[in-house]
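First the proteins, then the strands, lettered A, B, ... as listed; each starts at 1. Basis for what follows: all heavy atoms, side chains included, without hydrogens, waters or symmetry-related copies.
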Amino acid sequence: MIIATYNVNGVNGRLPVLLRWLAERQPDVVCLQELKAPQDKFPEAAIAEAGYEAIWHGQKSWNGVAILSRIGTPVETRRALPGDPDEAQSRYIEAAVGGVLIGGLYLPNGNPRPGPKFDYKLRWFDAFARHARELLDADMPVVLAGDYNVMPTDLDVYKPERWRDDALFAPEVRAAYANLVAQGWTDALRTQHPDETIYTFWDYFRNAYGRNAGLRIDHLLLSPTLAGRLRAAEVDRHVRNWEKTSDHAPVWIELGEATRRSRR
DNA sequence: ATGACGGCGTTGCGCCGA
């Protein structure tokens, strides 16, 4: 079972790239972020044509999240984060698919720091961590996948010293991420590649991709039973080099079959 | 410190992202 996350930076503008990548990778489940489209402008038909059922929570111009599945209808469990400090922003959606609970998230950027946007980021992170704890306590197989807008460590930034005061790398935010993971989650990509420089985002400026001046900010966190089923975790970084591409690359994991030992 | 690039929309500029 392949589960992916992809910040598309505009689902309609990105549609040809998204469809090309879906055909190439053939993921079973995909979390999308930054749809940048209102609810009625989601390209449902084109995505269905590609073999995927979808649920989504749109918003005009900004944010917006979706879950796609080619292994059965995503059974929606939530379309907002409990306790979200600003419910007008579409940043969380959750569904059961293929025996796994999938939480798709787009954590606030938080810049500039300090400021109200940074405060919102920390409050959102708090609410998210509380929800994550409840999911762990329910002892279900869970994947929390999306754009966390956090580089967890120095290894995840091309020039850590340039980012120390940024909302994506500030001590408070890295601590929030570390505390979240410490609840019992497994950072799939980092677990599979413990010492590797591996990025999921390269900005559009200054030939960032060509210079590999990237960031690792898109993460898939696995609950304990799923951590034992992790077979692979990769970034489809070549997609970042396609024409009309997103500034993020898709990230995916492969989970082995549930065994009696790992089930529930 | 700033801008660059790219997507969106009371659209050919201003705002936002990271």
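With respect to Lys159(A) and Asp154(A), no salt bridge is recorded, no charged nitrogen being found less than 4.0 Å from a carboxylate O.
Across all strands shown, Lys41(A) has no heavy atoms under 4.0 Å from either base or sugar-phosphate atoms. When heavy atoms are screened at a 4.0 angstrom cut-off, Asn207(A) is found touching no nucleic acid atom at all. Across all strands shown, Asp147(A) has heavy atoms under 4.0 Å from sugar-phosphate atoms exclusively, and none from any base. Within 4.0 Å of Tyr106(A), counting heavy atoms only, lie sugar-phosphate atoms of the nucleic acid but no base atom.
No cation-pi contact links Arg164(A) to Phe169(A), judged by a cut-off of 6.0 Å to the six-membered ring centre and 45° from its axis. A cation-pi arrangement, defined by a distance under 6.0 Å to the six-membered ring centre and an angle within 45 degrees of its axis, is present between Arg91(A) and Tyr106(A).
In this entry the distance linking CG of Leu215(A) with P of dG17(B) reads 16 Å, nearest Å. Atom-to-atom, CG of Asp247(A) to P of dG17(B) comes out at 12 Å; the value is rounded to the nearest Å. Look at CG on Asn111(A): it is 13 Å from P on dT2(B), rounded to the nearest Å. Protein atom CD of Gln33(A) is 10 Å distant from nucleotide atom P of dA18(B), rounded to whole Å.
When the P atom is used for both dG14(B) and dG3(B), the distance is 13 Å, rounded to whole Å. Taking the P atom of each, dA18(B) and dG7(B) are spaced 14 Å apart, rounded to whole Å. dC15(B) and dA4(B) have their C1' atoms separated by 16 Å, with the value rounded to a whole Å. Here the separation of dG6(B) from dT11(B), taken at their C1' atoms, is 15 Å to the nearest Å.
DNA chain B lies under 4.0 Å from at least one heavy atom of each of the following residues of residues 150-175 of chain A: Leu168(A).
A search for side-chain hydrogen bond (donor to acceptor under 3.5 Å, both in side chains) contacts involving Asp86(A) returns Gln89(A), not counting sequence neighbours.
The aromatic rings of Tyr158(A) and Trp163(A) sit perpendicular to each other, their planes meeting at more than 60°, with 30° as the lower class boundary.
For the pairing with Val30(A), the side chain to side chain contact (heavy atoms under 4.5 Å, CB included) check across Thr5(A), Ile47(A), Leu22(A), Ile67(A) returns one residue only, Leu22(A).
Of the possible donor and acceptor atoms, none in the side chain of Arg78(A) sits under 3.5 Å from a partner among the backbone N and O of Ala95(A).
A donor-acceptor pair shorter than 3.5 Å cannot be found between the side chains of Gln33(A) and Asp147(A).
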What string of B, S and - do you get for nucleotides 4-10 of chain B, 5' to 3', if B is base contact, S is sugar-phosphate-only contact and - is no contact with any protein heavy atom under 4.0 Å?
-> BBSBSSS
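Judged by distance alone with a 3.5 Å cut-off, a donor-acceptor contact links the side chain of Asn109(A) to the base of dA18(B).
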Take Asp187(A) and Tyr148(A) through the test side-chain hydrogen bond (donor to acceptor under 3.5 Å, both in side chains) and record every step on the way to the result.
-> CA-CA 12 Å; Asp187(A) 179 333; Tyr148(A) 283 69; over 6 Å; no
